[in-house]
Amino acid sequence: MLISLCGKSCAGKTTIAHELINIYGGDGIQIDIDRIGHKVLTIKEVKEQLVNAFGNITTNGEIDRKKLGPIVFSSPKQMEKLTAITWKYMEQEIDKTIEENRDKIIVLDWALLPKTKYFRESEFRVLLDVDYETRKKRALMRDHISEEQFELREQASMQYDKTDFNFVLNETNYKDLKEMRKKL
């Protein structure tokens, strides 16, 4: 089974991904697409294209995400440029991982899944609809960023249509996964 798990930054996707896998006795994997995105930044061809597109965004020869982040989070056009460069590499890695794990529960974890083929191919779609203040507090602690940096992230995040999802978890039902277990 392929499950799409979406939500804005610091909504708790990783935590819920583990819960979903545990529903099936732990026989599954989580594909954290953000991590795949970070991994492709190490590919020589990708680094070259990113430097050509965004300028001096390296530190010690590697893409510095702290330099790249403010650029792409401040403009949808810049984010589209980043995606145009990195997505084909990310997609190859995702496809490979899915193919290698077809016999397991696969939870795809990414804020932008609704923009991909994987969202349409998923048998089950979950949205984490967690309030702004909770997510901000988590981001400031986890990512050691400023409120201004979080706000840039928030402005760049997509808006979800809740009707596209089989289940929406929010503050009132976030801890109670019984209904989701029944649906699965």
Side-chain angles (χ1 to χ4, degrees), residues 2-17 29-102 106-122 125-128 130 132 135-136 138-140 142-161 164-165:
L2 191 62
I3 300 173
S4 285
L5 179 59
C6 304
K8 293 185 179 187
S9 181
C10 291
K13 293 182 291 296
T14 299
T15 301
I16 297 301
I29 66 161
Q30 171 196 12
I31 301 176
D32 182 338
I33 298 176
D34 274 336
R35 286 191 186 187
I36 291 173
H38 300 164
K39 181 179 173 182
V40 303
L41 297 179
T42 65
I43 299 170
K44 183 181 178 191
E45 181 181 339
V46 171
K47 286 194 280 190
E48 291 170 356
Q49 290 179 47
L50 291 173
V51 169
N52 286 337
F54 299 109
N56 182 20
I57 55 167
T58 61
T59 299
N60 299 322
E62 298 299 323
I63 299 298
D64 186 334
R65 292 182 17 240
K66 291 190 183 225
K67 291 180 180 178
L68 179 60
I71 296 168
V72 298
F73 288 131
S74 66
S75 162
K77 285 185 180 183
Q78 297 291 50
M79 182 62 80
E80 287 174 20
K81 196 184 304 184
L82 171 67
T83 302
I85 294 168
T86 59
W87 181 246
K88 68 180 176 182
Y89 299 95
M90 292 171 66
E91 196 171 38
Q92 289 168 4
E93 184 68 25
I94 297 164
D95 287 343
K96 178 182 163 210
T97 305
I98 289 173
E99 188 56 39
E100 290 171 349
N101 293 281
R102 280 274 177 214
I106 301 169
V107 179
L108 298 167
D109 161 0
W110 198 36
L112 302 176
L113 272 171
K115 294 183 175 189
T116 71
K117 68 180 183 181
Y118 306 107
F119 189 76
R120 292 182 301 279
E121 294 171 359
S122 294
R125 296 166 197 85
V126 179
L127 173 64
L128 301 182
V130 178
Y132 175 88
R135 292 183 300 99
K136 181 173 78 171
R138 291 175 182 171
L140 298 181
R142 182 191 78 184
D143 300 339
H144 308 289
I145 61 174
S146 67
E147 289 187 26
E148 294 78 21
Q149 289 169 312
F150 180 75
E151 184 55 36
L152 277 178
R153 258 190 216 178
E154 188 68 13
Q155 290 171 12
S157 64
M158 70 178 294
Q159 299 301 313
Y160 299 102
D161 180 348
D164 291 338
F165 294 87

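Reckoned from all heavy atoms, side chains included, excluding hydrogens, waters and symmetry mates.
- Looking at heavy atoms from C-beta onward, Leu2 lies in side-chain contact with Ser122 at the 4.5 angstrom threshold.
- Put simply, the side chain of Glu45 reaches to within 4.5 Å of the side chain of Gln49, judged on heavy atoms.
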Evaluate the side chain to side chain contact (heavy atoms under 4.5 Å, CB included) criterion for residues Ile94 and Leu108: first the C-alpha distance (whole Å), next the side-chain angles of each, then the deciding distance (0.1 Å), finally the verdict. CA-CA 9 Å; Ile94 297 164; Leu108 298 167; 4.2 Å; yes
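- For Tyr118, there are no ring-ring contact (aromatic ring centres under 6.0 Å, His included) partners, not counting sequence neighbours.
- At distances below 3.5 Å, not a single donor-acceptor pair connects side-chain atoms of Arg135 with backbone N or O atoms of Gly12.
- Between Asn101 and Thr97, the closest heavy-atom pair is ND2-O, 2.8 Å.
- For the atom pair CG of Leu82 and CZ of Phe73, the computed distance is 8.5 Å after rounding to the nearest 0.5 Å.
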Does the pair Ile36 and Trp110 meet the rule for a side chain to side chain contact (heavy atoms under 4.5 Å, CB included), with working shown? CA-CA 10 Å; Ile36 291 173; Trp110 198 36; over 6 Å; no
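- Val130 has its side chain out of reach of Lys8: every pair of non-hydrogen atoms, C-beta onward, lies at least 4.5 Å apart.
- Between Leu50 and Ile85, the closest heavy-atom pair is CD2-CD1, 3.7 Å.
- Here the side chain of Ser74 pairs a donor or acceptor atom with the backbone of Ile71 at under 3.5 angstrom.
- Under the 3.5 Å distance criterion, the side-chain polar atoms of Ser75 are matched with a main-chain donor or acceptor of Gln78.
- Here the closest heavy-atom approach between residue Cys6 and residue Pro114 is recorded as SG-CD, 3.6 Å.
- Annotation: ring-ring contact (aromatic ring centres under 6.0 Å, His included) contacts of Tyr89 (sequence neighbours excluded): none.
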Let's go through Lys136 and Glu154 carefully: what are the C-alpha distance in whole Å and the side-chain angles of both, what is the deciding distance for salt bridge (charged side-chain N to carboxylate O under 4.0 Å, His left out) to 0.1 Å, and is it a yes or a no? CA-CA 9 Å; Lys136 181 173 78 171; Glu154 188 68 13; over 6 Å; no
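- The two atoms that bring Leu113 and Ile33 nearest to each other are CD2-CD1, 3.8 Å, heavy atoms only.
- Rounding to the nearest 0.5 Å places CZ of Phe150 at 10.0 Å from CZ of Arg138.
- Here CD of Gln149 is found 7.5 Å from NZ of Lys66. Values are rounded to the nearest 0.5 Å.
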Assess the residue pair Arg65 and Asp143 against the criterion (salt bridge (charged side-chain N to carboxylate O under 4.0 Å, His left out)); give the C-alpha distance rounded to whole Å, side-chain angles, the decisive distance to 0.1 Å, and a yes or no. CA-CA 12 Å; Arg65 292 182 17 240; Asp143 300 339; over 6 Å; no
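- Taking 4.5 Å as the limit, some side-chain heavy atom of Asp95 sits within range of a side-chain heavy atom of Glu91.
- With contacts defined as side-chain heavy-atom distances shorter than 4.5 Å, the pair Ile145/Leu140 qualifies.
- Sparse packing is recorded around NZ of Lys39, with 12 or fewer heavy atoms of other residues, nucleotides or ligands lying under 6.0 Å away.
- Minimum interatomic distance between Arg153 and Ser9 (heavy atoms only, all atoms of both residues): NH1-OG, 2.9 Å.
- Within the model, atoms CG of Leu127 and CD1 of Ile16 stand 11.5 Å from one another, a figure rounded to the nearest 0.5 Å.
- Separating the CD atom in Glu62 from the CG atom in Asp64 is a distance of 10.0 Å, to the nearest 0.5 Å.
- Each of Leu128, Asp32, Val126 was checked for a side-chain contact (heavy atoms from CB on, under 4.5 Å) with Lys13, and the lone residue meeting it is Leu128.
- Once rounded to the nearest 0.5 Å, the distance linking CE of Met90 with OG1 of Thr116 reads 9.5 Å.
- With hydrogens and angles ignored, the 3.5 Å screen pairs a side-chain donor or acceptor of Lys67 with a backbone N or O of Thr58.
- Aromatic ring pairs are classed by plane angle as parallel below 30°, tilted from 30° to 60° and perpendicular above 60°; the pair Phe165 and Tyr160 is perpendicular.
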